[in-house]
Amino acid sequence: MIKTLQLALALLLVLSACSSGSETASTNVDGPSASTSAEDSDNQSSDTLTVAMAFAPDSGLAIDTDDALTLADSGTVEGLVASDASGEAKPALAESWTQIDPTTWGFTLRSDVTFHDGVEFNADAVVTAFEYLANSATPPRTIKGVGLAAEAVDEQTVRVTTENPDPILPIRLSSANTAILSPTAYESETPDPIGHGTGPFEITDFTPDQSLTVQRYDGYWGEPAKLAEATLRFLPDPSSRAAAVRSGEVDIAEGIALADAEAIEEDDSIELQTIALPRTTSIYTNTTSGPMSDPAVREAAELAIDNEAIAEQLLEGKFVAASNYFGPENEWLTAGDVKNDADKAKEILEEAGFSTDGSDANLTVNLSTYPDRPELEDIAVVAQAQLEEVGFTVELAVAEYSTLEPQGLGGELDLFVLSRSYYLDMADPAAFLTSDFTCEGGYNLNTFCSEEFDNIMAELTEKIEPADREPLFASAAELLAEETVGIPIVHNQAQVAVSERVEGFVADPFERTLITSSLSLS
């Protein structure tokens, strides 16, 4: 394994040298962020919080895309339901709810809410928002296939229905995509969230790929925001984020790379917080075409990759080796053994008729990842080396995520190193399992389709109590492991750098709240 890691480090140097001339090269520390740091620091108000974000919204802040997460992070939008730190549903724009029958729920709305444009929040506004989402050409993962519909009973009561029984509808509606915008937002072809949310902050400026600025909304129905203003700056390069927080250019920097952690830890003016996330880095596999469509090849690939060495050596023990998509906090799943056996991998390939000397064209695969999360390229390089040790020829590519996602969904990628939160859309395993692994799943990067798996997921519609749902979650996860549908590598932990002048910051393990009413600056 020492030999493998040495080879991986050598490949890292090659990759680094090659990337300087490619379209995927990261922003240089001496580029725009560094050149503006002095000016920004001089002009920074003591009441203005600045955050360096790893990901920029790429769909114009469209509510029915993953850009809704940026809106949620910025504290500008809210849904009927929120979720607490344990993932439980809690009231937001709805004060309460009740299940009327298996497919019908009643929501009682708050009566003291106005949108940022002054329009009153009521049942009609909810109906308008849900009608848009239900009729979207690409509905959000959380509600795809649910058959969501809403009807105003009176000004403060909404009846929400689904095509089939949905015992987890409240937690489903905690998704950022189901945030309610002002009816005026839907007058344009694409709903405009700017000035049309209900959160404690409202958007005052949005420069795509660069920044988003919000100011306190004094008409907020809940706890008034302590901050007057906050700015999210989109800095995809991790070294730029680290440099920005160390220079005082930003107050919070997410996604701190291991290489930058030591210097930040030595700075007494910055706290480095480590948060265990419900997120797993995996290698998604194309199960329907190419070499990875062969179960024997997938099994060999899984055995070839040494998860524990990646977690303990490459990632310095900051991540946990994975044997399943779900992390150790999920007590309903018995963790299996982390598999690694290069000799066994070769044996399986040879028994399946492949040559393992590196010359077999049928074992040539592409391996792709993206640069936004600093550990992914390193993992991809090590995985490439480990796969090649057992006979694969691996063509490594690093590109923007927005380019890779449609390629993966279209079955063009053999292997895709991806970091995925299994509770990002909502804090229930059903959402992740449905979107990523069912035949009609909207995020099925493994191109996996199994009637047995879909039947397990269908049973969940009849189960309400966690004790009844959890055995089905376990069965689904075990089926994926048995068929090697993707290769889970490590369970993630995030490192966030926070300036000493920030007060009230609590990292959200579900990654859905950031700018909140309780944040302030000393």
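Just so you know, these numbers use all the heavy atoms, side chains as well, and skip hydrogens, waters and symmetry mates. Sequential numbering from 1 along the given sequence is applied to the chain's residues. Quick caveat: nothing in here was measured; it's all calculated off a predicted structure.
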Between [Y] and [X], does any NZ, NE, NH1 or NH2 come within less than 4.0 Å of an OD or OE carboxylate oxygen?
X	Y	value
Lys226	Glu503	no
Asp84	Lys90	no
Arg172	Asp428	no

Roughly how far apart are [X] [atom1] and [Y] [atom2], rounded to 0.5 Å?
X	Y	atom1	atom2	value
Leu61	Thr70	CG	OG1	6.5 Å
Tyr284	Leu415	OH	CG	13.5 Å
Arg216	Ser517	CZ	OG	10.0 Å
Leu258	Leu314	CG	CG	8.0 Å
Leu71	Asp67	CG	CG	7.0 Å
Asp337	Ser323	CG	OG	7.5 Å

When you compare the side chains of [X] and [Y], does any donor N or O come within less than 3.5 Å of an acceptor on the partner?
X	Y	value
Tyr401	Ser419	no
Glu202	Thr76	no
Ser136	Asp64	yes
Ser211	Thr231	no
Thr516	Ser518	yes
Arg233	Thr50	no
Asp58	Ser402	no
Asp436	Tyr325	no

Would you say that [X] contacts [Y] through its side chain, given a criterion of any heavy-atom pair below 4.5 Å between the two side chains?
X	Y	result
Leu514	Ser74	no
Glu511	Leu277	yes
Ile63	Leu181	yes
Tyr217	Pro224	no
Glu229	Val214	no
Leu413	Ser368	yes
Leu227	Leu521	yes
Asp251	Val498	no

Can any side-chain N or O of [X] pair as donor or acceptor with the backbone N or O of [Y] at less than 3.5 Å?
X	Y	answer
Asn330	Leu333	no
Gln273	Val496	no
Asn446	Phe448	no
Glu302	Thr484	no
Thr434	Ala431	no
His116	Gly199	yes
Asp508	Thr513	yes
Ser475	Pro471	yes
Arg241	Gly255	yes
Ser499	Arg501	yes

(request) Let me see the working for Ile171 and Ser83 under side chain to side chain contact (heavy atoms under 4.5 Å, CB included), right down to the final yes or no. (result) CA-CA 7 Å; Ile171 197 65; Ser83 59; 3.9 Å; yes

Closest approach of [X] and [Y], non-hydrogen atoms and distance?
X	Y	result
Gln386	Asp306	OE1-N, 3.0 Å
Phe319	Ala311	O-CB, 3.6 Å
Leu367	Ala383	CD2-CB, 4.5 Å

(request) Run the numbers on Asp73 and Arg512 for salt bridge (Lys or Arg N to Asp or Glu O under 4.0 Å), then give the verdict. (result) CA-CA 6 Å; Asp73 276 342; Arg512 284 179 289 182; over 6 Å; no

(request) Run the numbers on Ile264 and Val245 for side chain to side chain contact (heavy atoms under 4.5 Å, CB included), then give the verdict. (result) CA-CA 9 Å; Ile264 290 175; Val245 74; 4.2 Å; yes

(message) Go through it in stages, so that I can follow the logic: the residues are Phe432 and Phe437, the test is ring pair (Phe, Tyr, Trp, His ring centres under 6.0 Å), and I'd like the CA-CA distance, side-chain angles, deciding distance and then a yes or no.
(response) CA-CA 8 Å; Phe432 169 68; Phe437 305 106; 5.3 Å; yes

(request) Start with the C-alpha distance between Val126 and Leu80, add both sets of side-chain angles, then the distance that settles side chain to side chain contact (heavy atoms under 4.5 Å, CB included), and finish with yes or no. (result) CA-CA 9 Å; Val126 176; Leu80 298 184; 3.9 Å; yes

(request) Could you give me the CA-CA distance, side-chain angles and deciding distance for Val250 and Val51, then say whether side chain to side chain contact (heavy atoms under 4.5 Å, CB included) is met? (result) CA-CA 6 Å; Val250 304; Val51 184; over 6 Å; no

(request) Please indicate whether Arg246 has more than 12 foreign heavy atoms, meaning atoms of other residues, nucleotides or ligands, lying under 6.0 Å from its CZ. (result) no

(message) More than 12 heavy atoms of other residues, nucleotides or ligands under 6.0 Å from CG of Asp209: yes or no?
(response) no

(request) Under the ring pair (Phe, Tyr, Trp, His ring centres under 6.0 Å) rule, what do Phe326 and Trp332 come out as? Steps first, then yes or no, please. (result) CA-CA 10 Å; Phe326 294 93; Trp332 46 264; 5.0 Å; yes

(request) Apply salt bridge (Lys or Arg N to Asp or Glu O under 4.0 Å) to Asp425 and Arg420, showing your working. (result) CA-CA 11 Å; Asp425 294 321; Arg420 177 83 165 105; 3.8 Å; yes

(request) Evaluate the criterion ring pair (Phe, Tyr, Trp, His ring centres under 6.0 Å) for residue pair Phe115 and His196; output intermediate values, then yes/no. (result) CA-CA 6 Å; Phe115 293 99; His196 295 137; 8.3 Å; no

(request) Go through Asp66 and Arg141 one step at a time and tell me if the salt bridge (Lys or Arg N to Asp or Glu O under 4.0 Å) criterion holds. (result) CA-CA 10 Å; Asp66 282 345; Arg141 293 182 295 269; 3.0 Å; yes

